[in-house]
2 protein chains.
Amino acid sequence: MRADAQRNRERLIEVAHEVFKERGLDAPLDEVARRAGVGPGTLYRHFPTREALHEAIMATWIEEVAGQVEKAMATEGGCREKLLAWFEEYVALLTRHQGAAAKITASLGCQDSPLRTKCQTYADANESVLAEMADHGVLREGVDNLDVCRLLGGVATMADHSSLAPEDVRPMLDVIANGVLKA
Amino acid sequence: MRADAQRNRERLIEVAHEVFKERGLDAPLDEVARRAGVGPGTLYRHFPTREALHEAIMATWIEEVAGQVEKAMATEGGCREKLLAWFEEYVALLTRHQGAAAKITASLGCQDSPLRTKCQTYADANESVLAEMADHGVLREGVDNLDVCRLLGGVATMADHSSLAPEDVRPMLDVIANGVLKA
DNA sequence: CAATTAAGCGGAGCATGTCTCCGTTTCACT
DNA sequence: AGTGAAACGGAGACATGCTCCGCTTAATTG
C-alpha cells in the first residue's frame, strides 16, 4: 500500500473513533471523511461499507477483552462475585459506542457477518468464564454459552438505548447470574 | 373531524400496518403515503412523527395483552410453566413488527415517550404475572418488575435482530425464569 | 340549493445522508 | 526527470424525511 493511502487509512480510523463515540455508530460517514480531511470517495475506497469501518474501530478494543476476563476472575469473593464482575465488564465493553451492543450481538449467530471475528472474541471470553464456573461445579446443567452471550447482549442493548447507569444494569445481571448458577 | 380526513386516517393506519410488517418500523414513510394514495403532507398532518404512527399501529394489538396473560396463566403445569408461557407470549407480542421490541422497551423508563402508555401496558401485565408468582411464594426476593421487563425486552430485541426461532428463544427465557423463581 | 369558508389535501421542493464515477494529483520506481 | 499506476476528492445521482402553501372539497348556512 502506498504511504499516503496508509496514512489516510489510519487517520480515518482515528477520526471515526471520535465521531462514533460522539454521535453513535450511525453518524454520517461524510462527516468522518470531512473531519479527516479527505473526500468521501477516499473513505469508501478504504471502507466499502459502514460495517467495515465499525470492524476497524472495534479491532482496537477487542484486544482488551482477554485482559478483562483475567481482571474479573481475580475479583475477591466467590464464583458469583467473579461471574458478576465479568458480566459487568462484558456489558461495559459492549456499550463503549452507542449502537455497538446490538450490532455485535446480532452477528453472534451468523457465519458471514463482517463483525464475526469480533463477536467471536466475546463469545470465547464468556465461554472461558463459564468453563471456570463449571470446573467449580457451580454452573447449572444445560446452560449454553450462546444463550448467555445473547442475554448479556440484550442487557447491553437495553442499557445503551435507555442510557442506563451501572447500578440500573446490575440487578438484571443478578437475575442472569441466578439463572446461570446452581441455587 | 371531516369525513374524508377520518377515512384517510384509518386507511393510513391500515397501510402502515402492512408496510411496517413487511419492511420493519423504519420503512420509508413516503411509501406508506404512496400506497395509501395520499400525499406525504397528509400523512405528516395526521401523524407528525414516525412514533405517532407507531403508537397508532400498536394500539390495535395492545388490546390483546390482557387476554394473553390469562391464556398463559391457564397453562397446564406449575408456576414455572405458566411463567414461561407468559414470557414466550411477551416476546412474541414484542416481535410482531421488526424493530418494535427495542423501541417499546427503550421507552419503559422515560415518562415522556409517545409510546409510554403502550409499554406501560406490557409492564403492568408482567407485574400482574410476577404478583401471581409471589402469591404462590415462588418468586425470589428483590426481583424488580422493571428489570424483568427489560430482560425480556432484551431477549425480544435479540430475537428480532437475529431472526431467532422460538426454540432458540426458549433457553434464554429458561435462564431468566431460573433467575426470577426460587430454586 | 347555491354560496361560503375553513379543514383538508397533495406534491413540489429543501435538507440531509449514502455512495459512485471519473478527471486530476501524487507516489514510487527507474 | 520521466512514467505509469495507485490514490485522491468532489460533483452529483439517488434515497428518505419533512414542510410549505396554493388548490380542492366537505360541511354549514341563509
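The shown structure was predicted, so the numbers you read here are calculated from the model rather than taken from an experiment. Sequence lines set the chain letters: A, B, ... in the order given, protein chains first and strands last, and positions in each chain run from 1.
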message: Rounded to whole Å, how long is the line connecting atom CG of B/L29 with atom C1' of D/dC18?
response: 9 Å
- prompt: Looking at the side chain of A/R23, which of C/dG17, D/dC8, D/dC18 is the nearest nucleotide?
  reply: C/dG17
- request: Take the protein atom CZ of B/R35 and the nucleotide atom C1' of D/dT16, then report the distance between them rounded to whole Å.
  value: 16 Å
- prompt: Roughly how many Å is it from CZ in A/R50 to C1' in C/dC19, rounded to a whole number?
  reply: 12 Å
- prompt: NA contact type, B/R45, heavy-atom cut-off 4.0 Å: base, sugar-phosphate, or nothing?
  reply: base
message: Check for me whether the distance between the ring centres of B/F20 and B/H54 falls short of 6.0 Å.
response: yes
message: Could you report the tightest heavy-atom contact between A/A123 and A/N145, atom names first, then the distance?
response: O-ND2, 3.1 Å
- prompt: Does B/Y44 make a side-chain N or O approach to OP1 or OP2 of D/dC18 shorter than 4.0 Å?
  reply: yes
Nearest-nucleotide 5' precedence on DNA chain D, B/E31 against B/D4: B/E31
- request: Return the value, rounded to whole Å, for the distance between atom CZ of A/R34 and atom P of C/dT18.
  value: 13 Å
query: OP1, OP2 of D/dA7 versus side-chain N and O of A/N8: anything below 4.0 Å?
result: no
- request: Could you check how far CZ of B/R7 sits from P of D/dT25, rounded to whole Å?
  value: 12 Å
query: Considering only heavy atoms and no angle criterion, is a donor-acceptor pair shorter than 3.5 Å present between the side chain of A/R2 and the base of C/dT26?
result: yes
query: B/A5 side chain: which of D/dC8, D/dA27, C/dC9 is closest?
result: C/dC9
Given C/dC9, D/dA11, C/dA28, the nucleotide with the shortest approach to the side chain of A/A3: C/dA28
task: For B/D30 and for B/R9, find the nucleotide of DNA chain C with the closest heavy atom, then tell me which residue's nucleotide is more 5'.
output: B/R9
task: Would you please confirm or rule out a distance under 4.0 Å between OP1 or OP2 of C/dG8 and any side-chain N or O of B/H46?
output: no
query: Just wondering, are more than 12 heavy atoms of other shown residues or ligands nearer than 6.0 Å to CD in A/E70?
result: no
query: Does a side-chain N or O from A/T42 land closer than 4.0 Å to OP1 or OP2 of D/dG9, or not?
result: yes
query: Among C/dC9, C/dG17, D/dA7, which is the nearest nucleotide to the side chain of A/M1?
result: D/dA7
query: Is atom CD of B/E76 surrounded by more than 12 heavy atoms (other residues, nucleotides or ligands) closer than 6.0 Å?
result: no
query: Given atom CD of B/E10 and atom P of C/dG8, what is their separation to the nearest angstrom?
result: 14 Å
- prompt: Taking the side chain of B/P40 as heavy atoms from C-beta outward, which of C/dG8, D/dC8, C/dA12 is closest to it?
  reply: C/dA12
- line: When rounded to whole Å, the CD to C1' distance for the pair A/Q6 and C/dA28 reads 15 Å
query: With a 4.0 Å cut-off, would you call B/K82 and B/E132 a salt bridge?
result: no
task: Begin from the C-alpha positions of A/E88 and A/V169 and carry the test side chain to side chain contact (heavy atoms under 4.5 Å, CB included) through to its verdict.
output: CA-CA 8 Å; A/E88 288 196 315; A/V169 173; over 6 Å; no
task: Round to a whole Å and report the spacing from CG of B/L12 to C1' of C/dG8.
output: 13 Å
